[in-house]
Participant: 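Input: one structure, supplied below.
The first residue in the sequence is number 1, and the count goes up from there.
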Amino acid sequence: MILAIGAPGPGWEVSLIESNSKKVGFLRWVAADLGVQVRIVPERIEQVIELNADVVVSRALADLPGLLGYAAPLVSNGGLCCFHKGQDVDEELTRATKYWRFELQKRVSRVAGGGCVLTIRNLSPRPVGAA
């Protein structure tokens, strides 16, 4: 919702994927109350087939290999993913590279001690059996 509130102007579409009906109701109320244009997708992320998003952002959803699996069908060709991760990020990165190819930029989090923000580009599945 913060991204939708801060959108720079027309032409930006922010989609929020949320399966919890109470949270969906809250998001709709906030959007209406603030007059924010936002698309709310009331589904589980696994059920969203394609979004063609320029940027995929998540918070506290899954470990990195799981996040990449969720993000891959949603992010556009040339798009990027931004994920806030905790202190186990290096172990998650090691596991993720077994299944995924990507370019990575890692920045220290300004809000969480030991955390970081990963920016991932050019995400693609690693072929089965590739090392």
Side-chain angles (χ1 to χ4, degrees):
M1 186 62 74
I2 297 300
L3 295 174
I5 292 167
W12 281 70
E13 180 179 299
V14 175
S15 297
L16 306 175
I17 301 170
E18 176 56 64
S19 63
N20 182 296
S21 61
K22 287 184 179 181
K23 292 178 184 177
V24 167
F26 175 74
L27 292 171
R28 288 183 174 146
W29 176 79
V30 170
D33 191 55
L34 297 177
V36 174
Q37 294 296 313
V38 65
R39 177 179 168 221
I40 299 169
V41 181
E43 297 180 29
R44 293 189 54 82
I45 194 165
E46 302 94 324
Q47 297 170 324
V48 179
I49 304 299
E50 186 176 307
L51 199 57
N52 202 32
D54 294 322
V55 181
V56 173
V57 179
S58 83
R59 185 191 154 281
L61 178 63
D63 66 355
L64 187 59
L67 280 175
L68 297 176
Y70 294 144
L74 304 179
V75 68
S76 67
N77 187 16
L80 61 94
C81 303
C82 293
F83 303 133
H84 191 272
K85 299 302 295 175
Q87 62 189 16
D88 297 330
V89 67
D90 291 329
E91 186 270 328
E92 290 186 35
L93 280 165
T94 298
R95 284 188 296 117
T97 58
K98 292 178 183 178
Y99 306 102
W100 298 97
R101 292 182 179 158
F102 50 86
E103 295 172 19
L104 173 71
Q105 185 174 30
K106 182 177 167 184
R107 294 186 182 106
V108 174
S109 173
R110 295 181 185 184
V111 296
C116 67
V117 176
L118 303 179
T119 301
I120 294 173
R121 296 179 187 275
N122 298 319
L123 176 63
S124 65
R126 191 172 286 281
V128 176

Participant: For the CD atom on Q87, are there more than 12 heavy atoms of other groups (residues, nucleotides or ligands in this structure) within a distance under 6.0 Å?
Facilitator: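 Count not over threshold, so no.
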Participant: Report yes or no: does D88 contribute a side-chain atom to a donor-acceptor pair with the main-chain N or O of E91 at less than 3.5 Å?
Facilitator: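 No; judged by distance alone, with no hydrogens or angles, the pair does not exist.
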Participant: What I'd like to find out is whether the side chain of P42 reaches to under 4.5 Å of the side chain of R28, using heavy atoms alone.
Facilitator: yes
Participant: Name the one of V117, I120, T119 that satisfies side chain to side chain contact (heavy atoms under 4.5 Å, CB included) with Q105?
Facilitator: T119
Participant: Hey, what do you get for CZ (R101) to CG (N122), rounding to the nearest 0.5 Å?
Facilitator: 12.0 Å
Participant: Any heavy-atom pair between the side chains of L68 and L123 that's under 4.5 Å?
Facilitator: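 In contact.
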Participant: With a 4.5 Å cut-off on side-chain heavy-atom distances among I, L, V, M, F, W and Y, is there a chain of contacts connecting V75 to V14?
Facilitator: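 The answer is no; the residues belong to distinct hydrophobic clusters.
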Participant: Check for me, please, whether V56 and V89 land in the same ILVMFWY cluster - side-chain distances under 4.5 Å, paths through other members count.
Facilitator: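 Yes; tracing contacts between hydrophobic side chains, which count when under 4.5 Å, links both residues.
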Participant: What distance separates I5 CD1 from Q37 CD, expressed to the nearest 0.5 Å?
Facilitator: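 Nearest 0.5 Å value for the CD1-CD distance: 12.5 Å.
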Participant: Would F102 and L93 count as a side-chain contact (heavy atoms from CB on, under 4.5 Å) here? Give the steps.
Facilitator: CA-CA 11 Å; F102 50 86; L93 280 165; 4.1 Å; yes
Participant: Which one of F83, W100, Y99 satisfies the side chain to side chain contact (heavy atoms under 4.5 Å, CB included) criterion with L64?
Facilitator: F83
Participant: Do you know the tightest heavy-atom contact between L27 and E18?
Facilitator: CD1-CB, 4.1 Å
Participant: What I want to find out is whether K106 reaches D90 closely enough, with some N-O distance under 4.0 Å, to be called a salt bridge.
Facilitator: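 Looking at K106 and D90, the cut-off is met.
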Participant: Are L118 and L3 connected into the same hydrophobic cluster when the rule is that any two of I, L, V, M, F, W, Y join if their side-chain heavy atoms are below 4.5 Å apart?
Facilitator: no
Participant: Would you compute the distance between atom OG of S19 and atom CZ of R44 and round it to the nearest 0.5 angstrom?
Facilitator: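 The distance works out to 5.0 Å.
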Participant: Do side-chain atoms of S76 reach the backbone of A53 as a donor and acceptor pair under 3.5 angstrom?
Facilitator: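 Yes, the answer is positive, given that a donor and an acceptor are paired below the 3.5 Å cut-off.
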Participant: Are V55 and L67 connected into the same hydrophobic cluster when the rule is that any two of I, L, V, M, F, W, Y join if their side-chain heavy atoms are below 4.5 Å apart?
Facilitator: no
Participant: State, to 0.1 Å, how close A62 and K85 come at their nearest heavy-atom pair, and which atoms those are.
Facilitator: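 The pair with the smallest heavy-atom distance is O-NZ, 2.9 Å.
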Participant: Under a 4.5 Å side-chain heavy-atom rule over Ile, Leu, Val, Met, Phe, Trp and Tyr, are M1 and I17 clustered together?
Facilitator: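 Not linked; separate clusters.
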Participant: Just checking N52: does its CG atom have more than 12 heavy atoms from other residues, nucleotides or ligands closer to it than 6.0 angstrom?
Facilitator: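 Yes, the 6.0 Å shell around CG holds more than 12 heavy atoms from other groups.
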